[in-house]
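Both counts, for ligands and for their atoms, begin at 1 and track the order of listing.
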Amino acid sequence: METNHLTNSTIEPHLNNPLFLNALRSIDEGAALINCDPNVLARLKRPKRCIAVSVPVRMDDYSVKVFTGYRVQYNSTLGPYKGGVRYHQNVDMGEVVGLACLMTLKNSVMGLPYGGGKGGITVDPTKLSRTEKQNLTRRYTSEIGPFIGPSKDIPAPDVGTDSQTMAWMMDTFSQESGFSQPGVVTGKPVEIGGSLGRTGATGLGCIYVAEKAFEKKGKSLNGSRIVIQGFGNVGSHAALYAHERGAKILAVSDVSGGYFNGDGLNIPEMIAYAQKNKSLSGYGKGSNISNEELLQLDCDALMPCALENVITMSNAEKIKAKMIIEGANGPVTNEATKVLHKNGIFVIPDVIANGGGVVVSYFEWVQDIMSFFWDEDEINRRLQSIIVKAFETSFKMAQEKNVDMRSAAMAVAVQRLEKAMLLRGLYPR
Ligand code: NAD
(Lines give C-alpha, C1' and ligand atoms only; values in the text may rest on other atoms or scores of the structure.)
Protein backbone atom coordinates (compact mmCIF):
# COMPACT_ATOMS: atom_id res chain seq x y z
CA MET A 1 0.00 0.00 0.00
CA GLU A 2 1.41 3.42 -0.90
CA THR A 3 -0.35 5.14 2.02
CA ASN A 4 2.16 6.88 4.22
CA HIS A 5 1.45 7.43 7.95
CA LEU A 6 3.43 10.37 9.21
CA THR A 7 5.40 9.52 12.33
CA ASN A 8 5.31 11.67 15.46
CA SER A 9 8.49 13.53 14.53
CA THR A 10 7.37 14.22 10.96
CA ILE A 11 3.95 15.52 12.07
CA GLU A 12 5.40 17.90 14.69
CA PRO A 13 6.37 20.77 12.31
CA HIS A 14 2.84 20.78 10.84
CA LEU A 15 1.30 21.47 14.26
CA ASN A 16 2.48 25.11 14.12
CA ASN A 17 -0.33 25.95 11.72
CA PRO A 18 -2.08 29.20 12.89
CA LEU A 19 -5.56 27.70 12.43
CA PHE A 20 -4.61 24.72 14.60
CA LEU A 21 -2.93 26.93 17.23
CA ASN A 22 -6.12 29.02 17.40
CA ALA A 23 -8.19 25.84 17.88
CA LEU A 24 -5.82 24.75 20.67
CA ARG A 25 -6.29 28.09 22.43
CA SER A 26 -10.07 27.53 22.28
CA ILE A 27 -9.65 24.03 23.72
CA ASP A 28 -7.51 25.41 26.57
CA GLU A 29 -10.10 28.09 27.29
CA GLY A 30 -12.98 25.59 27.34
CA ALA A 31 -10.95 23.13 29.42
CA ALA A 32 -10.11 25.77 32.05
CA LEU A 33 -13.82 26.59 32.52
CA ILE A 34 -14.72 23.00 33.34
CA ASN A 35 -11.48 21.97 35.12
CA CYS A 36 -10.84 19.35 32.48
CA ASP A 37 -8.76 16.30 33.44
CA PRO A 38 -5.15 17.11 32.36
CA ASN A 39 -4.63 13.66 30.79
CA VAL A 40 -7.76 14.11 28.66
CA LEU A 41 -6.65 17.62 27.72
CA ALA A 42 -3.24 16.37 26.56
CA ARG A 43 -4.95 13.77 24.33
CA LEU A 44 -7.42 16.34 22.94
CA LYS A 45 -4.55 18.52 21.75
CA ARG A 46 -3.07 15.94 19.35
CA PRO A 47 -4.50 14.38 16.17
CA LYS A 48 -5.03 10.62 16.43
CA ARG A 49 -4.01 9.74 12.88
CA CYS A 50 -2.57 11.78 9.97
CA ILE A 51 -2.56 10.20 6.53
CA ALA A 52 -0.72 11.61 3.50
CA VAL A 53 -1.13 10.03 0.08
CA SER A 54 0.27 10.51 -3.41
CA VAL A 55 -2.46 10.94 -6.00
CA PRO A 56 -1.20 10.31 -9.55
CA VAL A 57 -3.60 11.60 -12.20
CA ARG A 58 -3.72 11.13 -15.98
CA MET A 59 -4.25 14.65 -17.35
CA ASP A 60 -6.12 15.46 -20.56
CA ASP A 61 -2.82 15.82 -22.48
CA TYR A 62 -1.88 12.23 -21.39
CA SER A 63 0.82 13.42 -19.00
CA VAL A 64 0.73 12.21 -15.38
CA LYS A 65 0.71 14.72 -12.51
CA VAL A 66 1.22 13.63 -8.92
CA PHE A 67 -0.85 15.57 -6.34
CA THR A 68 -0.68 15.28 -2.54
CA GLY A 69 -3.80 14.34 -0.58
CA TYR A 70 -4.49 14.23 3.16
CA ARG A 71 -6.97 12.75 5.59
CA VAL A 72 -6.64 13.63 9.25
CA GLN A 73 -8.61 11.57 11.77
CA TYR A 74 -8.44 13.80 14.81
CA ASN A 75 -10.58 12.09 17.43
CA SER A 76 -13.05 9.19 17.43
CA THR A 77 -14.20 9.10 21.04
CA LEU A 78 -17.79 10.04 20.19
CA GLY A 79 -18.15 8.00 16.99
CA PRO A 80 -16.82 7.64 13.43
CA TYR A 81 -14.68 10.48 12.09
CA LYS A 82 -16.70 13.08 10.16
CA GLY A 83 -15.58 16.10 8.15
CA GLY A 84 -15.27 17.56 4.67
CA VAL A 85 -12.74 17.25 1.84
CA ARG A 86 -11.20 20.50 0.58
CA TYR A 87 -9.62 21.04 -2.87
CA HIS A 88 -7.52 24.21 -2.74
CA GLN A 89 -4.00 25.22 -3.69
CA ASN A 90 -3.21 26.26 -0.07
CA VAL A 91 -4.20 22.94 1.52
CA ASP A 92 -1.41 21.41 3.59
CA MET A 93 -1.19 18.95 6.47
CA GLY A 94 -1.25 21.68 9.15
CA GLU A 95 -4.44 23.25 7.80
CA VAL A 96 -6.15 19.84 7.60
CA VAL A 97 -5.13 19.07 11.21
CA GLY A 98 -6.64 22.42 12.32
CA LEU A 99 -9.88 21.86 10.42
CA ALA A 100 -10.16 18.27 11.73
CA CYS A 101 -9.71 19.58 15.29
CA LEU A 102 -12.50 22.14 14.76
CA MET A 103 -14.80 19.40 13.39
CA THR A 104 -14.19 17.39 16.58
CA LEU A 105 -15.33 20.37 18.65
CA LYS A 106 -18.30 21.20 16.39
CA ASN A 107 -19.61 17.62 16.35
CA SER A 108 -19.29 17.51 20.12
CA VAL A 109 -21.17 20.81 20.71
CA MET A 110 -23.93 19.72 18.33
CA GLY A 111 -24.34 16.49 20.32
CA LEU A 112 -23.75 14.27 17.25
CA PRO A 113 -22.43 10.69 17.51
CA TYR A 114 -19.29 11.63 15.54
CA GLY A 115 -15.63 12.25 16.06
CA GLY A 116 -13.80 14.79 13.91
CA GLY A 117 -11.86 14.47 10.67
CA LYS A 118 -10.98 16.45 7.57
CA GLY A 119 -9.38 15.80 4.21
CA GLY A 120 -7.96 17.70 1.31
CA ILE A 121 -5.82 17.81 -1.80
CA THR A 122 -3.34 20.55 -2.66
CA VAL A 123 -4.79 21.55 -6.02
CA ASP A 124 -6.54 24.49 -7.69
CA PRO A 125 -9.72 22.73 -8.88
CA THR A 126 -10.63 25.60 -11.22
CA LYS A 127 -7.60 24.61 -13.35
CA LEU A 128 -8.83 21.01 -13.85
CA SER A 129 -11.19 19.72 -16.52
CA ARG A 130 -14.17 17.63 -15.38
CA THR A 131 -12.37 14.44 -16.39
CA GLU A 132 -9.19 15.41 -14.51
CA LYS A 133 -11.23 16.27 -11.40
CA GLN A 134 -12.99 12.93 -11.60
CA ASN A 135 -9.68 11.02 -12.02
CA LEU A 136 -8.19 12.93 -9.07
CA THR A 137 -11.21 12.23 -6.85
CA ARG A 138 -11.37 8.52 -7.68
CA ARG A 139 -7.65 7.91 -7.07
CA TYR A 140 -7.70 9.93 -3.81
CA THR A 141 -10.72 7.89 -2.64
CA SER A 142 -8.93 4.68 -3.51
CA GLU A 143 -5.76 5.76 -1.62
CA ILE A 144 -7.65 6.67 1.58
CA GLY A 145 -10.09 3.78 1.00
CA PRO A 146 -8.74 1.48 3.75
CA PHE A 147 -9.37 4.21 6.34
CA ILE A 148 -12.89 5.41 5.40
CA GLY A 149 -16.31 3.74 5.45
CA PRO A 150 -19.81 4.24 6.89
CA SER A 151 -18.73 3.15 10.37
CA LYS A 152 -15.12 4.44 10.19
CA ASP A 153 -14.87 7.88 8.61
CA ILE A 154 -17.49 9.71 6.51
CA PRO A 155 -16.22 12.54 4.26
CA ALA A 156 -18.43 15.38 2.90
CA PRO A 157 -18.01 18.40 0.58
CA ASP A 158 -16.02 21.48 1.62
CA VAL A 159 -14.33 24.33 -0.29
CA GLY A 160 -13.73 23.29 -3.93
CA THR A 161 -15.78 20.07 -3.76
CA ASP A 162 -19.51 19.51 -4.27
CA SER A 163 -22.25 16.87 -4.55
CA GLN A 164 -20.76 15.57 -7.83
CA THR A 165 -17.41 15.03 -6.09
CA MET A 166 -19.23 13.05 -3.38
CA ALA A 167 -21.01 10.96 -6.06
CA TRP A 168 -17.59 9.97 -7.52
CA MET A 169 -16.22 9.17 -4.05
CA MET A 170 -19.27 7.03 -3.23
CA ASP A 171 -19.05 5.20 -6.57
CA THR A 172 -15.30 4.50 -6.26
CA PHE A 173 -15.63 3.20 -2.72
CA SER A 174 -18.65 1.06 -3.74
CA GLN A 175 -16.86 -0.36 -6.82
CA GLU A 176 -13.89 -1.36 -4.70
CA SER A 177 -16.19 -2.92 -2.05
CA GLY A 178 -18.21 -4.81 -4.66
CA PHE A 179 -21.54 -3.40 -3.48
CA SER A 180 -23.25 -0.02 -3.11
CA GLN A 181 -22.21 1.92 0.00
CA PRO A 182 -24.09 5.24 0.02
CA GLY A 183 -23.28 5.85 3.73
CA VAL A 184 -19.53 6.35 3.05
CA VAL A 185 -20.00 10.07 2.24
CA THR A 186 -22.65 12.76 2.81
CA GLY A 187 -23.62 15.74 0.69
CA LYS A 188 -24.45 13.41 -2.23
CA PRO A 189 -27.12 14.16 -4.84
CA VAL A 190 -30.61 13.09 -3.65
CA GLU A 191 -30.87 10.54 -6.49
CA ILE A 192 -28.09 8.38 -4.98
CA GLY A 193 -28.90 8.62 -1.28
CA GLY A 194 -28.47 12.33 -0.53
CA SER A 195 -30.86 14.06 1.88
CA LEU A 196 -33.59 16.56 1.14
CA GLY A 197 -32.85 19.88 2.81
CA ARG A 198 -29.03 19.49 2.74
CA THR A 199 -28.41 22.40 0.34
CA GLY A 200 -30.10 25.07 2.46
CA ALA A 201 -29.36 23.43 5.85
CA THR A 202 -26.50 25.69 6.98
CA GLY A 203 -28.40 28.92 6.18
CA LEU A 204 -31.57 27.57 7.79
CA GLY A 205 -29.63 26.53 10.90
CA CYS A 206 -28.28 30.12 11.18
CA ILE A 207 -31.85 31.41 11.14
CA TYR A 208 -33.12 28.93 13.75
CA VAL A 209 -30.25 30.11 15.97
CA ALA A 210 -31.03 33.77 15.19
CA GLU A 211 -34.67 33.28 16.23
CA LYS A 212 -33.57 31.85 19.57
CA ALA A 213 -30.98 34.59 20.11
CA PHE A 214 -33.58 37.32 19.46
CA GLU A 215 -35.94 35.58 21.89
CA LYS A 216 -33.25 35.65 24.61
CA LYS A 217 -32.93 39.40 24.10
CA GLY A 218 -36.74 39.85 24.34
CA LYS A 219 -36.97 40.65 20.63
CA SER A 220 -38.18 38.98 17.43
CA LEU A 221 -36.55 38.16 14.11
CA ASN A 222 -39.76 39.41 12.48
CA GLY A 223 -39.26 43.13 11.79
CA SER A 224 -35.54 43.05 12.71
CA ARG A 225 -32.81 44.68 10.57
CA ILE A 226 -30.23 42.20 9.26
CA VAL A 227 -26.92 42.62 7.38
CA ILE A 228 -25.26 39.68 5.61
CA GLN A 229 -21.73 39.39 4.23
CA GLY A 230 -21.45 36.71 1.50
CA PHE A 231 -24.21 35.62 -0.86
CA GLY A 232 -23.18 32.03 -1.63
CA ASN A 233 -24.73 28.87 -0.24
CA VAL A 234 -24.83 29.99 3.40
CA GLY A 235 -25.45 33.74 2.95
CA SER A 236 -28.17 33.55 0.29
CA HIS A 237 -30.13 30.84 2.12
CA ALA A 238 -29.83 32.69 5.44
CA ALA A 239 -31.03 35.88 3.69
CA LEU A 240 -33.99 34.08 2.12
CA TYR A 241 -35.14 32.34 5.31
CA ALA A 242 -34.80 35.59 7.32
CA HIS A 243 -36.72 37.51 4.61
CA GLU A 244 -39.48 34.84 4.66
CA ARG A 245 -39.78 35.31 8.44
CA GLY A 246 -40.37 39.06 8.13
CA ALA A 247 -36.85 40.39 8.73
CA LYS A 248 -35.65 43.40 6.74
CA ILE A 249 -32.33 42.66 4.99
CA LEU A 250 -30.64 46.06 4.89
CA ALA A 251 -27.47 44.97 3.07
CA VAL A 252 -25.78 41.96 1.51
CA SER A 253 -22.44 41.60 -0.23
CA ASP A 254 -20.46 39.18 -2.33
CA VAL A 255 -17.04 39.28 -3.93
CA SER A 256 -18.32 42.05 -6.27
CA GLY A 257 -19.12 44.43 -3.35
CA GLY A 258 -22.01 45.45 -1.06
CA TYR A 259 -25.63 46.44 -1.83
CA PHE A 260 -27.69 48.55 0.63
CA ASN A 261 -31.35 49.56 0.92
CA GLY A 262 -32.58 51.07 4.21
CA ASP A 263 -36.14 49.86 3.44
CA GLY A 264 -34.96 46.26 2.89
CA LEU A 265 -33.60 44.48 -0.19
CA ASN A 266 -35.71 42.22 -2.44
CA ILE A 267 -33.91 38.94 -1.58
CA PRO A 268 -35.76 36.50 -3.91
CA GLU A 269 -35.00 38.86 -6.82
CA MET A 270 -31.32 39.11 -5.81
CA ILE A 271 -31.00 35.31 -5.58
CA ALA A 272 -32.45 34.95 -9.08
CA TYR A 273 -30.07 37.68 -10.31
CA ALA A 274 -27.01 36.04 -8.70
CA GLN A 275 -27.94 32.64 -10.12
CA LYS A 276 -28.32 34.06 -13.62
CA ASN A 277 -25.20 36.28 -13.56
CA LYS A 278 -22.94 34.12 -11.30
CA SER A 279 -22.62 37.07 -8.83
CA LEU A 280 -24.44 40.25 -7.75
CA SER A 281 -22.14 42.37 -9.94
CA GLY A 282 -24.28 44.96 -11.78
CA TYR A 283 -27.35 44.55 -9.53
CA GLY A 284 -28.80 48.04 -9.81
CA LYS A 285 -31.49 48.23 -7.08
CA GLY A 286 -29.55 49.28 -3.99
CA SER A 287 -26.76 51.71 -3.28
CA ASN A 288 -23.24 50.35 -3.45
CA ILE A 289 -21.21 50.08 -0.25
CA SER A 290 -17.85 48.51 0.50
CA ASN A 291 -17.53 45.27 2.47
CA GLU A 292 -15.85 47.23 5.28
CA GLU A 293 -18.76 49.71 5.46
CA LEU A 294 -21.23 46.81 5.45
CA LEU A 295 -19.60 45.23 8.50
CA GLN A 296 -19.94 48.52 10.40
CA LEU A 297 -23.64 49.17 9.68
CA ASP A 298 -26.04 49.78 12.56
CA CYS A 299 -28.33 46.71 12.63
CA ASP A 300 -29.94 44.13 14.93
CA ALA A 301 -27.89 41.20 13.59
CA LEU A 302 -24.80 40.95 11.40
CA MET A 303 -24.20 37.59 9.71
CA PRO A 304 -20.68 37.16 8.26
CA CYS A 305 -21.18 34.25 5.82
CA ALA A 306 -18.15 34.54 3.51
CA LEU A 307 -14.59 34.44 4.82
CA GLU A 308 -12.53 33.94 7.96
CA ASN A 309 -10.94 36.81 9.97
CA VAL A 310 -13.19 39.68 8.79
CA ILE A 311 -13.78 41.06 12.30
CA THR A 312 -10.43 41.50 14.03
CA MET A 313 -8.79 43.87 16.50
CA SER A 314 -8.57 46.43 13.66
CA ASN A 315 -12.36 46.90 13.35
CA ALA A 316 -13.96 45.28 16.43
CA GLU A 317 -14.49 48.64 18.20
CA LYS A 318 -16.32 49.99 15.14
CA ILE A 319 -18.97 47.25 14.98
CA LYS A 320 -22.48 48.63 15.67
CA ALA A 321 -24.50 45.43 15.22
CA LYS A 322 -26.30 44.24 18.38
CA MET A 323 -25.51 40.60 17.67
CA ILE A 324 -23.26 38.60 15.33
CA ILE A 325 -24.16 35.18 13.98
CA GLU A 326 -21.13 33.41 12.45
CA GLY A 327 -22.39 31.73 9.26
CA ALA A 328 -18.82 31.34 7.96
CA ASN A 329 -16.06 29.45 9.75
CA GLY A 330 -13.89 31.76 11.85
CA PRO A 331 -15.07 35.23 10.68
CA VAL A 332 -14.48 36.80 14.13
CA THR A 333 -11.10 36.26 15.79
CA ASN A 334 -10.88 35.12 19.43
CA GLU A 335 -9.41 38.48 20.51
CA ALA A 336 -12.12 40.44 18.67
CA THR A 337 -14.80 38.29 20.34
CA LYS A 338 -13.58 39.55 23.73
CA VAL A 339 -13.86 43.20 22.58
CA LEU A 340 -17.36 42.64 21.18
CA HIS A 341 -18.44 40.86 24.39
CA LYS A 342 -17.13 43.79 26.47
CA ASN A 343 -19.17 46.15 24.26
CA GLY A 344 -22.36 44.13 24.87
CA ILE A 345 -22.49 42.54 21.41
CA PHE A 346 -23.85 38.99 21.52
CA VAL A 347 -21.65 36.71 19.33
CA ILE A 348 -22.99 33.27 18.39
CA PRO A 349 -19.93 31.24 17.32
CA ASP A 350 -19.56 29.19 14.14
CA VAL A 351 -19.52 25.84 15.96
CA ILE A 352 -23.17 26.45 16.82
CA ALA A 353 -24.42 28.91 14.17
CA ASN A 354 -23.25 27.03 11.05
CA GLY A 355 -23.72 23.53 12.50
CA GLY A 356 -26.84 22.97 10.35
CA GLY A 357 -24.74 21.52 7.52
CA VAL A 358 -23.19 18.74 9.56
CA VAL A 359 -26.49 18.03 11.34
CA VAL A 360 -28.27 17.34 8.04
CA SER A 361 -25.21 15.36 6.89
CA TYR A 362 -25.80 13.23 9.99
CA PHE A 363 -29.45 12.79 8.93
CA GLU A 364 -28.27 11.75 5.45
CA TRP A 365 -25.99 9.07 6.96
CA VAL A 366 -28.80 7.80 9.23
CA GLN A 367 -31.23 7.64 6.28
CA ASP A 368 -28.64 5.79 4.15
CA ILE A 369 -28.05 3.21 6.90
CA MET A 370 -31.81 2.70 7.37
CA SER A 371 -32.54 2.90 3.62
CA PHE A 372 -35.57 4.93 4.70
CA PHE A 373 -35.85 8.57 3.66
CA TRP A 374 -37.63 11.40 5.45
CA ASP A 375 -39.55 14.31 3.92
CA GLU A 376 -38.14 17.84 4.12
CA ASP A 377 -40.47 18.99 6.92
CA GLU A 378 -39.24 16.14 9.11
CA ILE A 379 -35.61 17.04 8.36
CA ASN A 380 -36.11 20.73 9.14
CA ARG A 381 -38.02 19.96 12.35
CA ARG A 382 -35.24 17.66 13.58
CA LEU A 383 -32.56 20.18 12.55
CA GLN A 384 -34.28 22.90 14.56
CA SER A 385 -34.52 20.67 17.61
CA ILE A 386 -30.78 19.74 17.56
CA ILE A 387 -29.39 23.21 16.80
CA VAL A 388 -31.61 24.98 19.34
CA LYS A 389 -30.56 22.45 22.00
CA ALA A 390 -26.87 23.17 21.23
CA PHE A 391 -27.57 26.90 21.50
CA GLU A 392 -29.46 26.53 24.81
CA THR A 393 -26.75 24.32 26.38
CA SER A 394 -24.02 26.82 25.50
CA PHE A 395 -26.19 29.78 26.58
CA LYS A 396 -26.67 28.17 30.00
CA MET A 397 -22.90 27.56 30.30
CA ALA A 398 -22.23 31.21 29.29
CA GLN A 399 -24.56 32.45 32.04
CA GLU A 400 -23.18 30.09 34.70
CA LYS A 401 -19.54 30.96 33.97
CA ASN A 402 -20.19 34.58 32.98
CA VAL A 403 -18.31 34.23 29.68
CA ASP A 404 -18.99 34.84 25.98
CA MET A 405 -20.80 32.19 23.90
CA ARG A 406 -17.59 31.08 22.10
CA SER A 407 -15.83 30.17 25.34
CA ALA A 408 -19.05 28.57 26.62
CA ALA A 409 -19.47 26.45 23.45
CA MET A 410 -15.85 25.28 23.80
CA ALA A 411 -16.47 24.32 27.42
CA VAL A 412 -19.55 22.31 26.37
CA ALA A 413 -17.57 20.59 23.59
CA VAL A 414 -14.61 19.71 25.81
CA GLN A 415 -16.88 18.55 28.65
CA ARG A 416 -18.75 16.06 26.45
CA LEU A 417 -15.47 14.72 25.05
CA GLU A 418 -13.95 14.53 28.54
CA LYS A 419 -16.87 12.51 29.95
CA ALA A 420 -16.74 10.05 27.04
CA MET A 421 -12.94 9.70 27.17
CA LEU A 422 -12.97 9.00 30.90
CA LEU A 423 -15.73 6.42 30.48
CA ARG A 424 -13.91 4.67 27.63
CA GLY A 425 -10.53 4.85 29.39
CA LEU A 426 -7.09 4.51 27.85
CA TYR A 427 -6.18 1.43 25.81
CA PRO A 428 -4.02 -0.32 26.91
CA ARG A 429 -3.94 0.80 30.53
P1 NAD B 1 -19.78 29.89 -1.27
O2 NAD B 1 -18.55 29.73 -2.08
O3 NAD B 1 -21.06 29.31 -1.75
O4 NAD B 1 -20.06 31.45 -1.00
C5 NAD B 1 -19.10 32.36 -0.55
C6 NAD B 1 -19.64 33.78 -0.75
O7 NAD B 1 -18.70 34.70 -0.21
C8 NAD B 1 -19.83 34.15 -2.22
O9 NAD B 1 -21.03 34.91 -2.35
C10 NAD B 1 -18.62 35.04 -2.49
O11 NAD B 1 -18.86 35.97 -3.54
C12 NAD B 1 -18.50 35.74 -1.15
N13 NAD B 1 -17.19 36.36 -0.97
C14 NAD B 1 -15.96 35.90 -1.32
N15 NAD B 1 -15.03 36.81 -1.04
C16 NAD B 1 -15.67 37.86 -0.49
C17 NAD B 1 -15.26 39.12 0.01
N18 NAD B 1 -13.97 39.48 -0.02
N19 NAD B 1 -16.21 39.93 0.51
C20 NAD B 1 -17.50 39.59 0.53
N21 NAD B 1 -17.96 38.44 0.06
C22 NAD B 1 -17.06 37.59 -0.44
O23 NAD B 1 -19.41 29.31 0.18
P24 NAD B 1 -20.40 28.83 1.33
O25 NAD B 1 -20.64 27.38 1.20
O26 NAD B 1 -21.57 29.78 1.41
O27 NAD B 1 -19.45 29.00 2.61
C28 NAD B 1 -19.22 30.27 3.21
C29 NAD B 1 -18.59 30.05 4.57
O30 NAD B 1 -19.42 29.21 5.37
C31 NAD B 1 -17.21 29.37 4.58
O32 NAD B 1 -16.47 29.87 5.67
C33 NAD B 1 -17.56 27.90 4.83
O34 NAD B 1 -16.47 27.18 5.39
C35 NAD B 1 -18.69 28.09 5.83
N36 NAD B 1 -19.57 26.93 5.97
C37 NAD B 1 -20.28 26.46 4.92
C38 NAD B 1 -21.14 25.39 5.08
C39 NAD B 1 -22.00 24.87 3.96
O40 NAD B 1 -22.82 23.95 4.20
N41 NAD B 1 -21.91 25.40 2.75
C42 NAD B 1 -21.24 24.75 6.34
C43 NAD B 1 -20.50 25.25 7.40
C44 NAD B 1 -19.67 26.35 7.20
Legend entry - Salt-bridge contact Glu392-Lys389 (side-chain N to carboxylate O under 4.0 Å): no
Legend entry - Heavy-atom side-chain contact between Ser180 and Met170 under 4.5 Å: yes
Legend entry - Atom pair OH (Tyr273) and OG (Ser279), whose distance is rounded to the nearest 0.5 Å: 7.0 Å
Legend entry - Cation-pi geometry met for Lys216 and Phe346 (6.0 Å, 45°): no
Inset, instruction - State whether Arg381 and Glu378 are salt-bridged, where the test is any N-O pair (Lys NZ or Arg NE/NH1/NH2 against Asp/Glu carboxylate O) under 4.0 Å. - result: yes
Inset, instruction - Would you please write out the protein residues whose heavy atoms approach any atom of ligand 1 to under 4.0 angstrom, listed by chain and number? - result: Arg198, Thr202, Gln229, Gly230, Phe231, Gly232, Asn233, Val234, Ser253, Asp254, Val255, Asn291, Cys305, Ala306, Leu307, Gly327, Ala328, Asn329, Asn354
Legend entry - Under-4.0 Å salt bridge between Arg198 and Glu364: no
